[in-house]
Amino acid sequence: MASSTPPTLTTAKPYQNHHIQNIQNQHHRRTHNGHNSLHPPPPRNPTAAKPPAPIPATVAAGTHRNPNFTPLSSSKSELAADFSGRRSTRFVSKMHFGRQKSGGSIRHSIVAEDALQQLIRCSGDDRLIESVLLSFQSKLCGSDDYNFVLRELGNRNEWSMAIQCFEFAVNRERRRTEQGKLASSVISVLGRLGKVELAKKVFETAVSEGYGNTVYAYSALISAYAKSGLCDDAIKLFETMKLSGLKPNLVTYNALIDACGKGGADFKRASDIFDDMLSNGFQPDRITYNSLLAVCSGGGLWETAINLFNEMCYRGIEPDIYTYNTLLDAASSGGHMDYAFQIMAEMTAKNIMPNEVTYSTVIRGCAKSGRLDQALSLVSEMKYANISLDRVSYNNLLAIYASLGRFDEALNVVKEMENTGFRKDVVTYNALLDGFGKQGRYDKVKELFSRMKNERVPPNLLTYSTLISVYLKGGLYQEATEMYKEFKHEGLKADVVFYSEIIDSLCKKGFVESSALLLDEMTKKGIQPNVVTYNSIINAFGHSGEARLTNDNKREIVCLENGEKKVTNRDEDRIINVFEQLASGNLNIGEKGRKEIICVLGVFRKMHELEIKPNVVTFSAILNACSRCSSFEEASLLLEELRLFDNQVYGVAHGLLMGYRENVWVHALSLFDEVKRMDSSTASAFYNALTDMLWHFGQKRGAQMVVLEGKRRQVWENTWSDSCLDLHLMSSGAARAMVHAWLLNIYSIVYEGHELPGLLSILTGWGKHSKVVGDCALKRAIETLLGSMGSPFRVATSNIGRFISPGPMVAAWMRESDTPKLLVLEDDRAYPQTHPNLQPLVL
DNA sequence: GTCTCTAAGC
């Protein structure tokens, strides 16, 4: 039962515990800087953290697939899926222009290259193209030559010419196999260019003409669906293929797994395909694993990614540059930058040299986790290694500067990019618009937008959604409306991300009612809201106490559907009413003051109805809403109700809130294991929300246990050393609980007769991560806390976000008789486990 | 003949 016993926070133990941990950390760092160990650090508590499978420790792990490997999806896969930390559902279209067919001999004739050159010169003139094709007709040697031409046309984005060329060739070819080759080739080309509808048309014609019923054509179309993010279509086509009697091959399976990654499917789905593939006798190859890794990367499943990587190596499949780049993406996008650097070192050691994709990935990761200096030094390193920056690298870099408001530098990158021969594209402009917009530089935004048009860079959906959000957040409703009108006029098709972003902006401004209207509108238009959409709305409730509508706000509410500013006189209760309509059932808690709960429950119920799985962000939003509840009873009621939807997740939150620690802790640990799979910002948001709620309702000991568990799992980077406590990523509840834990640690150092460092400091940063109180409140909260304990910490004159005290003064304070009592935290509500009436529901 | 890597919202 060791695992179910909560860690005891006596005055002595924390120091011992953390002393051990420090040693482990040092060991961990040594292995990082040394050789190629990719394994994450050993779990601090063997029962608490599930380590990614190291080789060959995996041998013992059971699985339905192969007893030698850790299962891709653990026995908790359903929860893992529910709890997916996926960051984005948006499909990112990537065009692979100029892509070389690697490996394999040259099969086309010299004549084909000549034909290609002549064709390119005729771009846009169908009749000229026809005459070139006719003139080469007798000289081109079958499908090899035509396939070369088709692929090269694809590399030059000449999809229309590729189709013409295909039709020309296929009509003059009598052999079915050769016709089939042409068809799969052109389907692949069209797929790569995102012309999935055209690819489908070619496929259908090919099938009806009798030369398309091949595994190649099917695989090519599955891949085309994949590249457009159409996972469901890919899977459907796969089923059709099997029904029509064709056997999928390894490539088909690989394409299908790829479709899961690009279509944002759960890892479970990809894992099922993998299992299906194995049971049909196919051994996975490098591309299979690379595609599976991409699913993890897209889903924010870092630990699963590293398990897969180890599994792949164990199977004797050598990783290549794609493997490493994808693994790096999983690490970087999850904020695990120490691992990312380790991976980069390992690939270099294996002589797989980082390329521009590698650098772009890691640079972006650094920037995302606030390591700007490292990001910039990587840029220098890249240049030093003679790796030229490509379009993506440049766009990446300028986006980093723009998002930080460093516009001079951003514009310098633009200049350099243009000097290198890359013209500004829509991504460049979108990044600049977003950056300037977020800094409130609306004059620049307007200027850039008109320059974009002058330079004939057509705005895309993201351009408009960026502009509308920027204007909404800045309160420039007239401009927002104009942008929306223009967006409609351009005939662009909105998607769920477009609406979600606007809904989020409205929620952040307190326009919950308007956002509900938009939610309704998008559904009517056949665009299903997703978990992100709902999370924004739940977050709005979590903050509705501070986001009340003023009369001015009400007048300013924009009715985006009509594309016009609409004056509304509806009173505030209508906001509530809109959401009450979302609630389908009757709840027994309809007392006064409980409207917020009903709304949150209503939104949650609606999600359930629509089969939108709540994720860890939803959970955090709910916890923040709990912290906003006016009483303990209300918060516990809300969690109690939510247990009907998900007993594990809300059972833990409810149990901890109630003080049922002994029974709940073991479930809490397995919940924390699930959270550990998420990227670091998602994980810290969860811990922040949970501890805030517990602290808010006086469950301070529980809050501290959670916060220490989070620290053990390295949720917040480099939280503490003996001389410094860094709270800047924490919410105020988490930070206060952490201050107590750290001081207890300091106490044990003093108690054991060790000397303290000369200067101790506590960093609060700006407390931007607090969900309960406003910005900068973290510092105030910590100041109050330190003052109330009579501690010698004072605000540093050089840095107002830092509290300092000389070590000897802290030591003297620790020796005062009252201090230990002040440091130990207790819960306001703690239930003896023996009391029969107070046992929690069975979890 | 078909398959794998980097750039957007909570």
Side-chain angles (χ1 to χ4, degrees), chain A residues 87-90 92-94 96 143-144 147 150 177-188 191 214-224 226-227 248-259 261-262 285-294 297 320-329 332-333 355-365 390-400 425 427-428 430-431 434 460-463 465-466 469 496-505 507-508 530-540 615 617-618 620-621 682 685:
Chain A
R87 293 174 305 283
S88 171
T89 49
R90 181 181 275 277
V92 181
S93 175
K94 280 163 261 175
H96 294 269
S143 57
D144 280 346
N147 287 341
L150 290 175
T177 326
E178 296 303 300
Q179 288 177 315
K181 285 182 185 179
L182 289 165
S184 37
S185 190
V186 79
I187 291 166
S188 157
T214 68
V215 63
Y216 305 109
Y218 271 99
S219 304
L221 188 58
I222 286 172
S223 176
K227 291 195 173 79
N249 63 17
L250 179 61
V251 173
T252 321
Y253 278 108
N254 287 350
L256 201 57
I257 292 171
D258 183 47
K262 295 206 168 69
D285 67 357
R286 181 182 295 137
I287 295 179
T288 317
Y289 275 100
N290 289 351
S291 303
L292 274 172
L293 281 171
S297 160
D320 65 357
I321 184 84
Y322 286 82
T323 319
Y324 279 111
N325 285 347
T326 312
L327 189 64
L328 277 170
D329 187 48
S332 302
S333 55
N355 61 11
E356 69 284 358
V357 177
T358 320
Y359 276 100
S360 273
T361 307
V362 181
I363 288 168
R364 200 171 172 73
D390 63 354
R391 177 178 291 283
V392 178
S393 312
Y394 277 118
N395 280 332
N396 224 337
L397 187 58
L398 70 91
I400 292 170
D425 63 8
V427 182
T428 319
N430 289 349
D434 189 54
N460 66 10
L461 184 60
L462 182 66
T463 318
S465 108
T466 302
S469 304
V496 59
V497 180
F498 178 87
Y499 277 106
S500 297
E501 191 161 352
I502 296 174
I503 285 172
D504 187 54
S505 308
C507 286
K508 286 214 166 77
N530 64 20
V531 63
V532 179
T533 327
Y534 278 99
N535 287 347
S536 292
I537 291 170
I538 294 175
N539 259 321
N615 63 15
V617 183
T618 320
S620 301
T682 306

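Proteins come first, then strands; the chains are lettered A, B, ... in the order of their sequence lines, and each starts at number 1.
- The distance between atom NZ of A/Lys508 and atom C1' of B/dC10, rounded to the nearest whole Å, is 6 Å.
- One N or O donor and one acceptor, one from the side chain of A/Ser500 and one from the base of B/dG9, sit under 3.5 Å apart.
- Of all nucleotides listed (B/dT2, B/dC3, B/dG9), B/dC3 comes nearest to the side chain of A/Ile287.
- Of the listed nucleotides (B/dA7, B/dG1, B/dC3), B/dA7 has the atom at the smallest distance from the side chain of A/Asn395.
- Here B/dG1 presents its C1' atom at 16 Å from CG of A/Leu250, a figure rounded to the nearest Å.
- As rounded to whole Å, 14 Å separates atom C1' of B/dT2 from atom OH of A/Tyr218.
- Close to B/dC3, at under 4.0 Å from its OP1 or OP2, lies a side-chain N or O of A/Ser188.
- OP1 or OP2 of B/dC5 lies within a sub-4.0 Å distance of a side-chain N or O belonging to A/Lys262.
- In terms of the ring pair (Phe, Tyr, Trp, His ring centres under 6.0 Å) criterion, A/Tyr359 has no residue partners (sequence neighbours excluded).
- Across B/dC10, B/dC3, B/dT2, the shortest atom-to-atom separation from the side chain of A/Val532 is found for B/dC10.
- In this structure, CG of A/Leu293 is placed 10 Å from C1' of B/dT4, rounded to the nearest angstrom.
- By the side-chain hydrogen bond (donor to acceptor under 3.5 Å, both in side chains) test, A/Asp258 is found to be paired with A/Lys262, residues two or more places apart in sequence or in another chain being considered.
- Going from atom CD of A/Glu356 over to atom P of B/dA7 covers 13 Å, rounded to whole Å.
- One can place CD1 of A/Ile257 at 12 Å from P of B/dT4, the figure rounded to the nearest angstrom.
- Considering only side-chain atoms of A/Asn290, the nucleotide from B/dT6, B/dT4, B/dC5 that sits closest is B/dT4.
- Atom-to-atom distance recorded for A/Asn249:CG and A/Asn254:CG is 8.5 Å, nearest 0.5 angstrom.
- For A/Asn530, the side-chain atoms get nearest to B/dG9 when compared with the rest of B/dG1, B/dC10, B/dG9.
- Of the listed nucleotides (B/dC3, B/dT2, B/dT6), B/dT2 has the atom at the smallest distance from the side chain of A/Asn249.
- Looking at A/Ser184, its side chain has no donor and acceptor atom pair within 3.5 Å of the base of B/dT2.
- With its ring centre under 5.5 Å from that of the base six-membered ring and a plane angle below 30°, A/Tyr322 counts as stacked on B/dT4.
- Results of the side-chain hydrogen bond (donor to acceptor under 3.5 Å, both in side chains) test with A/Asn325 over A/Asn290, A/Asn355, A/Thr361 single out A/Asn355 as the only residue that passes.
- Atom NZ of A/Lys508 sits about 6.5 Å away from atom OG of A/Ser536, to the nearest 0.5 Å.
- Considering only side-chain atoms of A/Ser219, the nucleotide from B/dT2, B/dT4, B/dG1 that sits closest is B/dT2.
- At the phosphate of B/dT2, neither OP1 nor OP2 sits under 4.0 Å from any side-chain N or O atom of A/Lys181.
- If you check every strand for non-hydrogen atoms under 4.0 Å, A/Asn430 touches nothing.
- Here the nucleotide nearest the side chain of A/Asp320, chosen from B/dG9, B/dG1, B/dT4, is B/dT4.
- To the nearest 0.5 Å, atom OG1 of residue A/Thr358 and atom CD1 of residue A/Ile363 are 10.0 Å apart.
- Comparing B/dC5, B/dT4, B/dA7 against the side chain of A/Asn325 picks out B/dC5 as the nearest.
- In this entry the distance linking CG of A/Leu398 with C1' of B/dT6 reads 14 Å, nearest Å.
- Rounded to an integer number of Å, the gap from CG of A/Leu397 to C1' of B/dT6 is 14 Å.
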